[in-house]
Amino acid sequence: MKLSQTREMLRPFSNLILASLDVNQVATYVGGAGEYVLMKHYGWLKNGDIGNESGYDATDKEGSKYEIKSMSYETKTPYVAYKHAVKADKYDYLSIIHFNEKRVAHIPKEEINKFIKDNTLPGRKTKSLRLCFSDPILTGLGKPRKKSLFLSLFLKYEDKQFTF
C-alpha cells in the first residue's frame, strides 16, 4: 500500500511516538489496529462514511454491518467503550476484539439489545459491557455471576478459529 507523503515522513518517528503515547492515545491506536486486523482477517470492507455517522465500521460480502470495538490491557478497564444509545440497531453484529488476548466475538445486535434491556431492569446496576476474562462465570453455588454476564455472551459468540 502506498503511503501519503505525510505518513512516509512519520515512519521514522513511529517507535518514538508509540513509546510516548498516554493510555487514551494507545486506546485510540488499538481501536484503529483492531479494525484493520478484523477487516483484513475476514475480508470486510471499511465503511467509508465520514465520521462513521451510520453507526458501523465495516460490511461483509453479504452486506452484514459490523460495529467494531477494541480493548486492551493498557487502559486497565474491563469495559467495552460502547454507547448503546448512539449505536443501537445501526449494525448487525457488534464485533469485539481484545487485542492482548487475541480474541474476538461477533455478537448479533438482537443479543446486545436484549443484554442492555435485561440489565436496565430494576435491581440491575449497569448496562455496560464488562469483559474481564479472569472473572469466574459462576458463583460458588453454581449460579451465573452477574458481573460476568457479558463475558458469557462474548464466549457464546467467540470465533475460536480467529488468529492474528
Side-chain angles (χ1 to χ4, degrees), residues 23-47 49 51-164:
V23 294
N24 291 325
Q25 291 169 319
V26 170
T28 299
Y29 198 82
V30 166
E35 284 185 18
Y36 174 80
V37 166
L38 292 186
M39 285 189 270
K40 184 174 181 181
H41 180 81
Y42 293 106
W44 296 343
L45 300 173
K46 184 170 182 58
N47 179 7
D49 186 25
N52 200 10
E53 294 296 321
S54 56
Y56 64 94
D57 297 305
T59 56
D60 65 18
K61 291 174 182 155
E62 289 78 38
S64 293
K65 300 172 188 170
Y66 295 83
E67 173 62 11
I68 301 170
K69 292 297 176 184
S70 302
M71 298 179 68
S72 75
Y73 289 130
E74 185 84 14
T75 57
K76 301 188 181 359
T77 178
Y79 297 97
V80 177
Y82 171 80
K83 293 184 181 174
H84 193 67
V86 175
K87 298 290 184 176
D89 296 319
K90 294 182 178 179
Y91 58 85
D92 299 307
Y93 297 93
L94 178 61
S95 294
I96 301 169
I97 179 171
H98 195 292
F99 206 72
N100 295 92
E101 295 283 338
K102 296 183 178 180
R103 296 172 80 168
V104 68
H106 309 290
I107 306 170
K109 72 176 177 187
E110 295 82 12
E111 291 274 19
I112 296 295
N113 289 342
K114 182 179 181 326
F115 179 86
I116 297 293
K117 181 182 174 211
D118 289 351
N119 284 287
T120 54
L121 295 172
R124 295 285 175 101
K125 293 181 184 176
T126 183
K127 58 185 176 187
S128 299
L129 309 183
R130 184 177 187 281
L131 186 59
C132 184
F133 291 104
S134 61
D135 279 351
I137 300 291
L138 302 175
T139 67
L141 299 174
K143 294 183 179 181
R145 188 172 299 277
K146 286 184 182 179
K147 70 178 186 175
S148 298
L149 293 174
F150 188 70
L151 174 59
S152 296
L153 191 57
F154 181 96
L155 296 174
K156 179 178 177 181
Y157 291 98
E158 182 175 9
D159 178 354
K160 302 273 191 203
Q161 309 304 314
F162 174 78
T163 59
F164 75 90

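Residue numbers run from 1 in the order of the sequence given. Keep in mind it's a predicted model, so treat the numbers as computed, not measured.
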Practice problem: Grab the two heavy atoms, one from S70 and one from G34, that are nearest each other, plus how far apart they are. | Solution: OG-CA, 3.4 Å

Quiz item: Do the side chains of V30 and I97 get nearer than 4.5 Å, heavy atoms only?
Solution: no

Quiz prompt | Test item: W44 and L38 side chains (from C-beta on) under 4.5 Å apart, heavy atoms | solution = yes

Exercise. Run the numbers on F133 and L151 for side chain to side chain contact (heavy atoms under 4.5 Å, CB included), then give the verdict.
Key: CA-CA 7 Å; F133 291 104; L151 174 59; 3.8 Å; yes

Self-check item: Closest heavy-atom pair and its distance - G43, K61
Solution: O-CE, 4.4 Å

Quiz item: Within a strict 4.5 Å, meaning less than it, do heavy atoms of the H84 and I112 side chains meet?
Solution: yes

Exercise. Quick one: list whatever passes salt bridge (charged side-chain N to carboxylate O under 4.0 Å, His left out) with K69, sequence neighbours left out.
Key: E67

Quiz item: Can you tell me how far the NZ atom of K65 sits from the NZ atom of K90, to the nearest 0.5 Å?
Solution: 11.0 Å

Quiz item: With no hydrogens and no angle check, is any side-chain donor or acceptor of D159 less than 3.5 Å from a backbone partner on A105?
Solution: no

Quiz item: Does a side-chain heavy-atom distance below 4.5 Å link S152 with I137?
Solution: yes

Quiz prompt | Proximity of Y66 and Y56 rings by center, below 6.0 Å | solution = no

Quiz prompt | Nearest non-hydrogen partners of S148 and P136, listed with the distance | solution = OG-O, 2.9 Å

Quiz item: In Å and rounded to the nearest 0.5 Å, what is the CG to CZ distance from L138 to R145?
Solution: 8.0 Å

Practice problem: May I ask you to test the I96-F154 pair for a side-chain heavy-atom distance under 4.5 Å? | Solution: yes

Exercise. Check whether any side-chain heavy atom of E111 lies under 4.5 Å from a side-chain heavy atom of K156, and answer yes or no.
Key: yes

Quiz prompt | Side chain to side chain, Y73 and H98, heavy atoms closer than 4.5 Å | solution = yes

Quiz prompt | Heavy-atom closest pair, residues V23 and T75 | solution = O-CG2, 3.8 Å

Exercise. Could you give me the CA-CA distance, side-chain angles and deciding distance for Y36 and I68, then say whether side chain to side chain contact (heavy atoms under 4.5 Å, CB included) is met?
Key: CA-CA 10 Å; Y36 174 80; I68 301 170; over 6 Å; no

Quiz item: Would you say T59's side chain and G63's backbone share a donor-acceptor pair under 3.5 angstrom?
Solution: no

Self-check item: Note, L155 side chain near R103 side chain (heavy atom, < 4.5 Å)
Solution: yes

Self-check item: is_close_aromatic(Y93, Y157), centroid dist under 6.0 Å
Solution: no

Exercise. Decide whether D57 and Y91 meet the rule of one side-chain donor and one side-chain acceptor closer than 3.5 Å.
Key: no

Quiz item: Is there a donor-acceptor pair under 3.5 Å between the side chain of S128 and the backbone N or O of R130?
Solution: no

Exercise. Using the side chain to side chain contact (heavy atoms under 4.5 Å, CB included) rule, take Y42 and V104 through it: C-alpha gap first, then chi angles, then the decisive distance, then the call.
Key: CA-CA 12 Å; Y42 293 106; V104 68; 3.5 Å; yes

Quiz prompt | Polar side chain donor-acceptor pair, N47 to S54, under 3.5 angstrom | solution = yes

Exercise. For side chain to side chain contact (heavy atoms under 4.5 Å, CB included), just list the numbers for D60 and D92, CA-CA rounded to whole Å, side-chain angles, deciding distance to a tenth of an Å, and then say yes or no.
Key: CA-CA 11 Å; D60 65 18; D92 299 307; over 6 Å; no

Self-check item: With sequence neighbours excluded, residues passing salt bridge (charged side-chain N to carboxylate O under 4.0 Å, His left out) with D89
Solution: none

Quiz prompt | Ring centers of F99, F164 separated by less than 6.0 Å | solution = yes

Exercise. Starting at CZ of F150, measure out to CD1 of I116 and round the result to the nearest 0.5 Å.
Key: 8.0 Å

